[in-house]
Amino acid sequence: MDSILQKLRNLDAYPKINDDFFSRTLSGGIITLASSLLILLLFFSELRLYLHTVTESKLLVDASRGETLHINFDVTFPAIRCSLLSLDTRDISGEQHFDIRHDIVKKRIDAHGNVIEAKKDGIGAPKIENPLQRHGGRLEHNEKYCGSCFGAEMSDDECCNSCDEVRDAYRKKGWALTNADLIDQCKREGFIQKIKDEDGEGCNIEGSLEVNKVAGNFHFVSGKSFHQSNVHVHDLLVFQTDGYNISHKINKLAFGDYFPGVLNPLDGVQWMQETPNGMYQYFIKVVPTLYTNIRGRTIRSNQYSVTEHFKSSELGRSQLLPGVFFFYDLSPIKVTLKEEHAPFLHFMTNICAIVGGIFTVAGLIDSFVYHGRRAMKKKMEIGKFG
């Protein structure tokens, strides 16, 4: 048993020295104090790094299917009035929506950018008194109202009870509404006067879109969209006598929900038009992103990059549609971002390395200073007695 204990004693890497053989010096005390302060400083630095979260990113193939793309926007047009401004969407699957009004808020603004009126767009017609019936007579008591579509009816029993419904019927026929002052519904709703009252105003339009997760575009233009001879055009051109000024400022454009660290490159972008007419295009590459915070909460969103281009109608493009177009495409690669702390063992390893390393270096410095002073002292003694 004693032999085993003796062998264990022989393995001691930390042999003890009697206190009588210690020699404490002033330089040693200074070096010890400095090294202790340095250890304390580096310890708190490592502790801060350990408590701070880091974001790890990975690239994966996006295998999701059947999802939709959520688009949030807030755009200001200082030279297009709200009654003429419309929003359309189209995608490569053939799905298209014209003059979108759901979840859209339009704000009339003056020349200085101050809000005149804010109104949420919606579907429905105001109540009008004694309207013109489809058969030509006026609405009688206890008679159901069915307004005329003025030749744009798709069937004999179709009714157009508002100015917007007449415009929709015209659009389906591929006709432009250039005689709104002759339409009974438009006259009674004050449609023409409303447009004239907004002369010189601008419009701020904000809201959200839910589109298929395929390549497509959404665009802001004046008037309602329709197709004529396979050409995408808009009505109400008669009200835009001074050309189309599509100057705009993008206050916000995001493809999905916000998450920490997201950067939307079009936020705050402003463009002022110098030529009379044209089409401004943004080409956007949308990158699906999955963000997981330190608590395990997951946010499915998107990031994007963008390039832009302006097409002027002065270049001979007679069928160029003035407006602001956002063409988006989906990246096949998905980015995953995950917040996490550094491992505790990694933190402890760094602390041990700091303590051991500094004490080792401090011991070498102290030994060098101590032996240097002893050597110098011996030389002085030899010189004195020599």
Side-chain angles (χ1 to χ4, degrees), residues 1-60 257-265 267-268 287 289-301 303 305 334-386:
M1 187 65 180
D2 292 339
S3 61
I4 296 175
L5 295 177
Q6 184 61 37
K7 289 180 180 180
L8 289 175
R9 291 190 188 96
N10 293 335
L11 293 175
D12 185 5
Y14 311 100
K16 311 305 182 291
I17 302 175
N18 196 303
D19 291 341
D20 295 337
F21 295 97
F22 279 108
S23 177
R24 302 186 184 276
T25 62
L26 177 61
S27 60
I30 295 174
I31 293 174
T32 301
L33 180 61
S35 60
S36 299
L37 292 175
L38 183 58
I39 288 173
L40 192 63
L41 176 65
L42 293 179
F43 170 78
F44 282 111
S45 176
E46 282 294 324
L47 181 62
R48 183 181 61 85
L49 291 176
Y50 171 70
L51 296 177
H52 179 71
T53 58
V54 294
T55 303
E56 296 291 334
S57 61
K58 293 182 181 179
L59 299 179
L60 303 172
D257 297 330
Y258 170 82
F259 62 89
V262 65
L263 178 63
N264 297 318
D267 286 2
V287 182
T289 304
L290 184 66
Y291 180 85
T292 306
N293 64 14
I294 197 66
R295 297 179 179 86
R297 179 173 176 263
T298 299
I299 301 174
R300 295 182 182 274
S301 188
Q303 303 177 83
S305 61
K334 177 171 67 175
V335 177
T336 62
L337 303 173
K338 186 176 182 181
E339 282 187 348
E340 54 187 27
H341 287 300
F344 180 73
L345 290 179
H346 186 270
F347 168 71
M348 291 303 300
T349 301
N350 287 348
I351 295 301
C352 293
I354 289 171
V355 174
I358 290 179
F359 269 125
T360 300
V361 173
L364 293 174
I365 295 174
D366 180 61
S367 178
F368 176 78
V369 172
Y370 176 71
H371 290 293
R373 291 182 63 187
R374 286 190 63 185
M376 186 178 297
K377 187 176 180 180
K378 285 184 178 181
K379 286 182 180 180
M380 291 177 63
E381 289 178 353
I382 292 174
K384 182 178 179 181
F385 295 103

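Since the structure is predicted, the reported quantities are computational estimates derived from the model, not experimental observations.
A distance of 5.5 Å separates OG1 in T298 from CG in L290, rounded to the nearest 0.5 Å. Summarising the geometry, atom CD belonging to E339 is positioned 5.0 Å from atom OG1 belonging to T55; distances are rounded to the nearest 0.5 Å. Remark: F359 CZ to L38 CG distance equals 10.5 Å, nearest 0.5 Å. Within the model, atoms CZ of F44 and CG of L49 stand 13.5 Å from one another, a figure rounded to the nearest 0.5 Å.
Scored by the side-chain contact (heavy atoms from CB on, under 4.5 Å) test, N264 finds A254, V262, D267, Y304 as partners (sequence neighbours excluded). Every residue two or more places apart in sequence or in another chain was checked for a ring-ring contact (aromatic ring centres under 6.0 Å, His included) with Y258, and none qualifies. In terms of the side-chain contact (heavy atoms from CB on, under 4.5 Å) criterion, residue partners of R295 (sequence neighbours excluded) are, by chain and number, N293. Annotation: side-chain contact (heavy atoms from CB on, under 4.5 Å) contacts of S305 (sequence neighbours excluded): K285. Listed by chain and residue number, nothing satisfies the ring-ring contact (aromatic ring centres under 6.0 Å, His included) test with F43 (two or more places apart in sequence, or in another chain).
Between L51 and L47, the closest side-chain pair of non-hydrogen atoms falls below 4.5 Å. Using a 4.5 Å heavy-atom threshold, the side chains of I358 and L42 count as touching. Taking the side chain as every heavy atom from C-beta outward, L59 and V335 approach each other to under 4.5 Å.
Within the structure, side chain to side chain donor-acceptor pair (under 3.5 Å) pairs that include any residue of residues 41-53 comprise E46-N350 (at least two apart or interchain).
Shown here for V287 and T289, the closest heavy-atom pair between the two residues is O-OG1, 3.1 Å. Heavy atoms only, all atoms of each residue included: S301 and D257 are closest at OG-O, 2.6 Å. L337 and S57 make their closest contact through CD2-CB, 3.5 Å (heavy atoms, listed as atom of the first residue, atom of the second, distance).
In this structure a side-chain-to-backbone donor-acceptor pair under 3.5 Å is missing from S367 to G363.
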Handout entry: Test side chain to side chain contact (heavy atoms under 4.5 Å, CB included) applied to I365 and V361, step by step
Key = CA-CA 6 Å; I365 295 174; V361 173; 3.9 Å; yes

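The environment of H341 atom NE2 is dense: over 12 non-hydrogen atoms of other residues, nucleotides or ligands sit within 6.0 angstrom.
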